[in-house]
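What follows is a short report on a single structure.
Please read these numbers as outputs of a predicted model, since none were measured by experiment.
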Amino acid sequence: MAGTGGELFDDLPIPEARPAPPLKAAAARVRHPNRYQIELRPSDLESLLSEDLPARLVWGYVERQDLWPLYAGIKAVDGACGRSAIAPEILLALWLYATLEGVGSARALARLCEAHDAYRWLCGGVQVNHHTLPDFRVGQGAFLDRLLTANVASLLATGAVTMKRVAQDGMRVRAHAGAASFRRKERLQQFHMQARHQVEALKREVRDDPAATERRQQAARERAAREREERIAKALAQLPKVEKIKQAQGKPVTSARVSTTDAEACVMKMPDGGFRPAYNMQLATDTASQVIVGVDVVTRGSDLGQLAPMVEQLDERYERRPQEMLVDGGFAKHDDIERLAPTTTVYAPPPKPRDATRDPHAALPDDSETIAAWRERMGTEAAKAIYKKRAATAECVNALARNRGLQRFNVCGLDKVKSVLLWYALAHNLMRMLKLAPGLLGVPTMT
């Protein structure tokens, strides 16, 4: 036997591989999509929404509010001609729910009202458009401010909020205006004159043009030019205020610039170190409940001098002042600390001294008794433990607002910006009410 193992068959020819026989073609039965088939599905909006969705919670909250001020402004009344207005409950619920979901665009909200079951349920078959939604969002600032006061007052009555200790913090939010829209005085005056001449020329064209269609187009162009003239005039009116700030900072008055898009926006230093047009949001939060109790918007990047106005706002809203205010070092203005000393104890870290060998908690020769006591107090372990609650409260509230879309405003003007901020405060407090006092929302208390 020649060889062993595999060598035994080495001389045998290897057969060539044959391809597999082709399968017999068969008519496969599949179901193709038919998107033109008409379907009739009996359903109602109530069945589309589960019981535990936040949209129902928002609607329950809205139903328990006093909306008489909103109804008083509706011009469509029984017995008079005109189209019926959209119920204020719908618009209020839509914007509250949209704020919770991080939707800040009126056009996006209008699309959701047609495509999303939760928004469709809130509308209840009533059609809304992207013109009505933004007008309601920024046009009800006074009502939203009163609603914030009423909600917090109800929580104070139940004991869920005590306002014993309140944390305040500033948050700079990018304005709608672009950096290139800021102009100096000479340029603003030139733009204002050009805009005025354009408005007058367009008015003459509207009067002289006999064609109705062209008149409408000319009227639209005239309206746009008139609005531009009004914005530039507002920027010129804002310029002396900016010049005064520059003068106080020791800078030349000629360096003052104002935006032609949003005259009240101010260039501020942002958290990333850059400088951009922004507004400074001031939020005061009860540390025990994390409920927002005070809201304000300022056009200065510094928080210095904003402590006393916030305490006075809380006193005006609820007829009580917090026993303790927790703020960062940027708020530590001596005048505010002395002004609040009889009623409110301020917890704010003293500024770091230039001399590294000096104790920042030691009184200075020119300090008053109140300021000396504040410095000494902030050096104690008890004060440091209390001050730690500021970051756990204020920073948390700011982060939640950022996560809900408070990154950049899409409106111009201080009043409109404050209205948008009030929506965020109301939406935040709504979720806090669910945990602290669910009975106020009609939700049974969990045992």
Side-chain angles (χ1 to χ4, degrees), residues 45 49 53-55 57-59 61-62 65 67 69-71 73-76 83-145 147-148 173-178 181 220 223-224 227-228 230-231 259 261-265 277-279 281 295 297 400-428 430:
L45 291 173
L49 207 65
L53 281 184
L57 172 67
V58 170
W59 186 256
Y61 164 82
V62 171
Q65 307 307 313
L67 304 183
L70 299 180
Y71 275 93
I74 297 177
K75 297 180 180 179
R83 185 177 181 180
S84 300
I86 300 175
E89 293 94 330
I90 297 176
L91 299 174
L92 182 61
L94 283 175
W95 274 119
L96 279 175
Y97 186 67
T99 303
L100 288 173
E101 295 293 314
V103 179
S105 167
R107 290 182 180 272
L109 179 54
R111 289 192 293 267
L112 288 170
C113 291
E114 298 178 357
H116 196 284
D117 287 344
Y119 293 92
R120 291 176 56 210
W121 183 86
L122 289 173
C123 291
V126 178
Q127 293 184 352
V128 296
N129 56 62
H130 65 273
H131 296 289
T132 304
L133 289 170
D135 293 341
F136 185 85
R137 188 191 191 195
V138 299
Q140 305 297 335
F143 169 78
L144 297 175
D145 192 74
L147 186 59
L148 175 66
V173 181
R174 181 76 159 83
H176 182 66
S181 66
R223 183 174 62 253
E227 292 175 353
R228 182 172 182 268
E230 292 173 354
R231 290 196 302 268
S259 172
T261 304
D262 188 353
E264 294 174 300
Y279 285 94
M281 310 290 104
V295 169
V297 181
L400 288 173
R402 296 284 193 189
N403 292 339
R404 291 184 177 125
L406 191 58
Q407 303 286 343
R408 178 171 182 168
F409 291 109
N410 54 6
V411 297
C412 296
L414 187 63
D415 293 337
K416 293 181 179 180
V417 165
K418 187 174 181 180
S419 297
V420 173
L421 182 62
L422 283 167
W423 283 108
Y424 282 93
L426 289 171
H428 173 85
L430 171 60

What side-chain donor-acceptor pairs closer than 3.5 Å can you find for residues 413-422, not counting sequence neighbours?
unit_1 : atom_1 : unit_2 : atom_2 : d
Ser419 : OG     : Asp415 : O      : 3.1

query: Going by heavy atoms in the side chains, are Leu67 and Phe143 under 4.5 Å from each other?
result: yes
- prompt: How would you list, by chain and number, every residue that makes a side chain to side chain donor-acceptor pair (under 3.5 Å) with His116, sequence neighbours excluded?
  reply: none
- prompt: Looking at side-chain heavy atoms only, is the closest gap between Met281 and Phe409 below 4.5 Å?
  reply: yes
- request: Go through Tyr61 and Leu426 one step at a time and tell me if the side-chain contact (heavy atoms from CB on, under 4.5 Å) criterion holds.
  value: CA-CA 11 Å; Tyr61 164 82; Leu426 289 171; 4.1 Å; yes
task: Check step by step if side-chain contact (heavy atoms from CB on, under 4.5 Å) holds for Tyr71 and Glu89.
output: CA-CA 10 Å; Tyr71 275 93; Glu89 293 94 330; 2.7 Å; yes
Asn410 to Gly104 - nearest heavy-atom pair and separation: ND2-O, 3.0 Å
- line: Those residues at least two apart in sequence (or on a different chain) that pass side chain to side chain donor-acceptor pair (under 3.5 Å) with Thr99 are none
query: Does the side chain of Leu109 come within less than 4.5 Å of His130's, by heavy atoms?
result: no
- request: Check the side chains of Asp262 and Ser259 for a donor-acceptor pair under 3.5 angstrom, ignoring hydrogens and angles.
  value: no
message: Tell me which pairs pass salt bridge (Lys or Arg N to Asp or Glu O under 4.0 Å) where either residue lies in residues 132-145, with sequence neighbours left out.
response: Asp145-Arg317
- request: Give the minimum heavy-atom separation between Trp121 and Leu45, together with the two atoms involved.
  value: CD1-O, 3.3 Å
- request: Applying side chain to side chain donor-acceptor pair (under 3.5 Å), name anything that partners Tyr119, two or more places apart in sequence or on another chain.
  value: none
- request: Side-chain contact test, heavy atoms from C-beta onward, threshold under 4.5 Å: evaluate it for Leu100 versus Leu430 and give yes or no.
  value: yes
- request: Please tell me if the side chains of Tyr279 and Val173 come closer than 4.5 Å, counting only heavy atoms from C-beta onward.
  value: no
query: Between the side chain of Ser181 and the main-chain N/O of Gly178, is any donor-acceptor distance below 3.5 Å?
result: yes
- prompt: With sequence neighbours excluded, what pairs up with Glu114 under the side chain to side chain donor-acceptor pair (under 3.5 Å) test?
  reply: none
- request: Answer yes or no: are there more than 12 heavy-atom neighbours, outside Arg402 itself, under 6.0 Å from its atom CZ?
  value: yes
field: Backbone N/O of Leu133 and side chain of Trp95: donor-acceptor pair under 3.5 Å
entry: yes
